[in-house]
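Below, each value reflects all heavy atoms present in this structure, side chains not excepted, and no hydrogens, waters or symmetry copies. Counting from 1, the numbers follow the sequence of the chain as shown.
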Amino acid sequence: MIPRTFPSAPGWSPDGHRIKSEVEYGRGPEKTWVYGALRIRDGHETTMTASSRNSDFYQQFLQKVEAANPLGDIYVVTDNLSSHNSLSTRTWLEGHPRIRHVFIPVGACWLNLQEGWWRIFRKAALAGQSFAGPPEIDQATRLATAQLNTRARPWVWGRPAPSTRPLRRRYVYLL
């Protein structure tokens with residue numbers, strides 16, 4: 001038998017270790033944020049994309065929510081992000097008394113029904129997609145929101161009660 005040597009595979013070093021290379025991943029210079037508000041009584045959603053997550057875009061989103069809900073008070077359940085509680089946002093809210101903020105405790109995002117909608121939205125709009133830029137993300141957001149709103153239903157916090165199944169009849173035989 002003649003010993004043979006083979007060149008190392010492209011992914012391995014001569015001493016048999018995997019060659020480490022940097023991961024080629026990045027979001028690019030342009031990020032896109034998606035704001036969303038869920039109206040729980042009928043399950044309709046209002047969304048908006050923005051290039052930044054700051055007070056100005058948040059106030060624009062609140063204006064959109066106010067336009068989508070012309071009657072009654074609006075309770076916005078939100079986290080403690082700085083743009084939600086900034087001085088400019090609080091000043092803006094003074095001029096819009098129908099909108100009231102309810103802040104959830106830190107680390108308890110599961111209390112917000114919007115989080116469940118985000119899970120459904122990500123599957124409908126973002127899963128398996130590759131976007132070339134913010135306009136495509138905006139289009140996917142608008143399309144998914146419109147499709148989800150066509151089959152919207154009221155949201156209830158918690159799990160539904162288990163269905164009651166009919167019990168089988170028991171036959172008793174007397175001897």
Non-hydrogen atoms of [X] and [Y] that approach each other most closely:
{"X": "A125", "Y": "A140", "answer": "CB-O, 3.8 Å"}
{"X": "A67", "Y": "P70", "answer": "O-CD, 4.0 Å"}
{"X": "W33", "Y": "R53", "answer": "CD1-N, 3.6 Å"}
{"X": "G43", "Y": "A152", "answer": "O-CB, 3.3 Å"}

Atom pair [atom1]/[atom2] of [X] and [Y] - distance to nearest 0.5 Å:
{"X": "R90", "Y": "S55", "atom1": "CZ", "atom2": "OG", "result": "10.0 Å"}
{"X": "D138", "Y": "T32", "atom1": "CG", "atom2": "OG1", "result": "8.0 Å"}
{"X": "I137", "Y": "K31", "atom1": "CD1", "atom2": "NZ", "result": "12.0 Å"}

> With under 30° as parallel and over 60° as perpendicular, where do the rings of F121 and W117 fit, or are they tilted in between?
Replying inline: parallel

>> If you apply the rule side-chain hydrogen bond (donor to acceptor under 3.5 Å, both in side chains), what do you find for T49 with T141, and how did you get there?
In response: CA-CA 8 Å; T49 58; T141 299; 5.9 Å; no

>> Do F103 and V77 make a side-chain contact, defined as non-hydrogen atoms from C-beta onward lying under 4.5 Å apart?
In response: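 Side chain of F103 against side chain of V77, heavy atoms only: no contact under 4.5 Å found.
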
>> Does any part of the side chain of Q59, heavy atoms only, come nearer than 4.5 Å to the side chain of S88, both counted from C-beta?
In response: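 A side-chain contact under 4.5 Å exists here.
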
> Hydrophobic clusters join Ile, Leu, Val, Met, Phe, Trp and Tyr when side-chain heavy atoms are under 4.5 Å apart, directly or via other members; which others share one with F57?
Replying inline: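 Reading the cluster by chain and number, F57 sits alongside Y35, M48, Y58, F61, L62, V65, I74, V76, W92, L93, I99.
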
Is there a donor-acceptor pair under 3.5 Å between the side chain of [X] and the backbone N or O of [Y]?
{"X": "H84", "Y": "D79", "value": "yes"}
{"X": "T89", "Y": "N85", "value": "no"}
{"X": "R98", "Y": "G72", "value": "yes"}
{"X": "K64", "Y": "T47", "value": "yes"}
{"X": "T145", "Y": "R142", "value": "no"}
{"X": "E45", "Y": "A37", "value": "yes"}

>> Count I, L, V, M, F, W, Y as connected when their side-chain heavy atoms are under 4.5 Å apart, and connections chain through other members. Are I104 and V102 then in the same cluster?
In response: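 Yes, I104 and V102 fall within the same hydrophobic cluster.
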
>> Counting neighbours of CD on Q63 that are heavy atoms of other residues, nucleotides or ligands and sit closer than 6.0 Å, is the number greater than 12?
In response: yes

